[in-house]
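One structure is given here, and the rest of the page talks about it.
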Amino acid sequence: MSGQNIWDKLQNVDRRVFYWILFVALTVPFLSPIGLPITITPSSQAFYDGIKTIEKGEVVVLSINSGVSAWGDCLPAMVASVHKVYDQGGKLIVWSIGYTDVDITWAKIKEKLPDVFSKWKEGEDYVYFGYSPPQETNVALLRDNIRAIYPKDVRGVATDQIPLMKDINGANKIKFVLSSDTGDAQMYYVRQWKNGPVNYEKTEKPPTVAELGIAMNKSGDMAYFLSGDLFGLVAGSRGAAELEALTGYKGDATITMDSISVSHILLVLAIILTNISMFATRGNKK
Amino acid sequence: MSQIYKREMVFIVTGVVALVMMLDYFFGKNIPGISGAGNISSTLQTWALIIQLMAIGLGAINLIQVHYRQISRKTNMAVYSAWFMGFFALLLLLGFYKLATGVELYPYTWIFKNVYVSLGTTLYAITGFYIFSAAYRAFRARNIDAAILLIGGIFVLLANAPIGEVIWGGFPLIGNWFNNVGQVPGMRTFTVVGALGLLAFGFRALIGKERGFYSEVQ
């Protein structure tokens with residue numbers, strides 16, 4: 001050990017050192033926000049352009065297919081989207097394909113938007129149905145018969161008695177599906193709702209789908225966005241920050257961007273440092 | 001004889017269900033010459049939903065069995081199993097109370113908000129620390145392939161962070177090119193190949209050639 005030079009030592013830094021560096025560095029932007037400007041990516045812009053076309057009374061489905069562990073990535077985009085649906089005068093149907101903790105996520109969204117939910121009436125402007133099991137067959141069934149899966153909402157009110165659901169029992173009356181995912185449930189909607197024209201009357205238009213996903217899935221979702229299967233893609237907290245900038249609703253994602261900047265630049269510096277030390281010690285090992 | 005009967009029954013049930021669902025997908029509810037086809041597919045989908053819900057109940061029973069075994073054998077994990085059983089029973093009781101009365105008791109909400117949410121978000125956030133440490137050890141340009149991966153990764157990282165654009169305007173341009181153009185052919189290839197594999201699997205299962213699917217009944 002005593003024969004090790006600085007480069008050798010850098011090659012074997014204890015992992016706890018990194019944890020502390022990151023922890024300390026991440027506290028800085030919280031104490032003193034930087035507030036760097038962000039540019040808008042085409043996928044977020046397309047999402048915004050899409051939901052901007054919602055007209056008064058049109059119905060949007062928010063499918064919460066992400067759990068509380070993904071709040072950092074998914075929650076801000078859902079909050080900004082619900083806010084925009086409200087601004088546009090749209091109506092909202094909310095459910096989840098496969099996440100048992102959806103009640104907490106929905107409660108959090110409502111908590112973040114007190115101005116919206118103090119004016120919106122449950123049952124008339126929005127309805128919350130809660131959990132359904134995580135299978136594509138359920139999405140297929142929802143397309144034709146919502147009441148088969150949700151005979152009542154979480155309050156226990158029969159779906160037939162909910163004013164918002166009076167003329168709605170399938171995908172044919174839905175304009176958009178906003179799917180927030182940590183997996184691939186958005187593709188269930190693409191396959192079963194959007195890409196199934198045979199299931200609609202000639203006068204009906206299948207709903208289009210957008211993704212509010214985790215950043216890790218961006219590469220996979222991008223292929224579907226470019227093919228037109230997804231009309232918009234908001235990926236991770238960065239995408240959510242872009243959406244917040246577009247909608248004018250400044251939420252958690254905008255604040256998170258400073259932490260993203262600090263953590264990413266630290267990561268790049270660490271990668272550069274480890275490569276310099278690797279090249280510096282390469283000759284020694286030979 | 002009964003084994004053959006069981007096997008043939010599985011073939012027939014699988015084949016009929018697959019055929020109905022495929023017809024429903026490609027022809028919708030109005031299959032020429034078959035009245036009420038849509039109802040059949042909807043019924044099958046409802047059955048699938050019931051089976052899924054039963055599976056959740058079975059999963060819960062299985063969990064209880066596994067953890068009860070750990071406790072009764074007094075293994076090293078028994079203490080964790082006891083924790084599980086305690087919380088399971090508590091939440092079950094609180095849940096049933098809510099179901100019966102419609103009243104959500106405070107402990108039920110408290111456990112979800114202050115235990116479940118905190119643990120869930122912490123678990124996700126903690127990966128950032130692991131990634132930081134792991135990247136330091138793994139992201140080394142040991143050969144040309146690793147160097148290309150490294151450079152691409154740095155551009156994507158700095159395109160995602162607002163500070164990247166402040167450092168140099170080219171970072172988001174190049175990083176987003178990797179995101180929106182560079183990686184897409186690879187992703188499409190994975191998707192198409194995966195779909196072809198699924199088609200082949202489905203076809204083999206349909207004609208009874210997929211051993212993995214039928215092995216339990218053969």
Portion of [X] that has a non-hydrogen atom of chain B nearer than 4.5 angstrom:
X        : value
A:Arg16  : neither
A:Leu10  : both
A:Phe23  : both
A:Leu266 : both
A:Ser43  : neither
A:Val17  : neither
A:Thr41  : side chain
A:Asn145 : neither
A:Leu267 : both
A:Asp14  : backbone

Handout entry: Validation row, ring centre A:Tyr99 to ring centre A:Tyr131 under 6.0 Å
Key =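 Ring centroids of A:Tyr99 and A:Tyr131 are no less than 6.0 Å from each other.
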Exercise for the section: Compute the centroid of each ring, for B:Phe84 and then for B:Tyr80, and state whether the two points are separated by less than 6.0 Å. Expected result: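 Distance test on ring centres: not under 6.0 Å, no.
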Practice task
Over 60° means perpendicular and under 30° means parallel, so classify the ring planes of A:Trp95 and A:Phe129, tilted if in between.
Solution key: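 The arrangement is tilted - the two ring planes meet at 30° to 60°.
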Practice task
Classify the side-chain pair A:Ser44/A:Glu242 by whether it contains a donor and acceptor separated by less than 3.5 Å.
Solution key: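 The criterion, which ignores hydrogens and geometry beyond distance, is satisfied for A:Glu242 and A:Ser44.
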Let me know if [X] has heavy atoms under 4.5 Å from chain A in its side chain, its backbone, both or neither.
X        : result
B:Phe190 : neither
B:Leu44  : neither
B:Asn180 : both

Exercise for the section: Please test A:Leu233 against A:Tyr224 for side chain to side chain contact (heavy atoms under 4.5 Å, CB included), starting from the C-alpha separation and ending with a verdict. Expected result: CA-CA 9 Å; A:Leu233 166 62; A:Tyr224 291 101; over 6 Å; no
Practice task
State whether the number of non-hydrogen atoms from other residues, nucleotides or ligands found under 6.0 Å of B:Arg137 atom CZ is greater than 12.
Solution key: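 Yes, enclosed.
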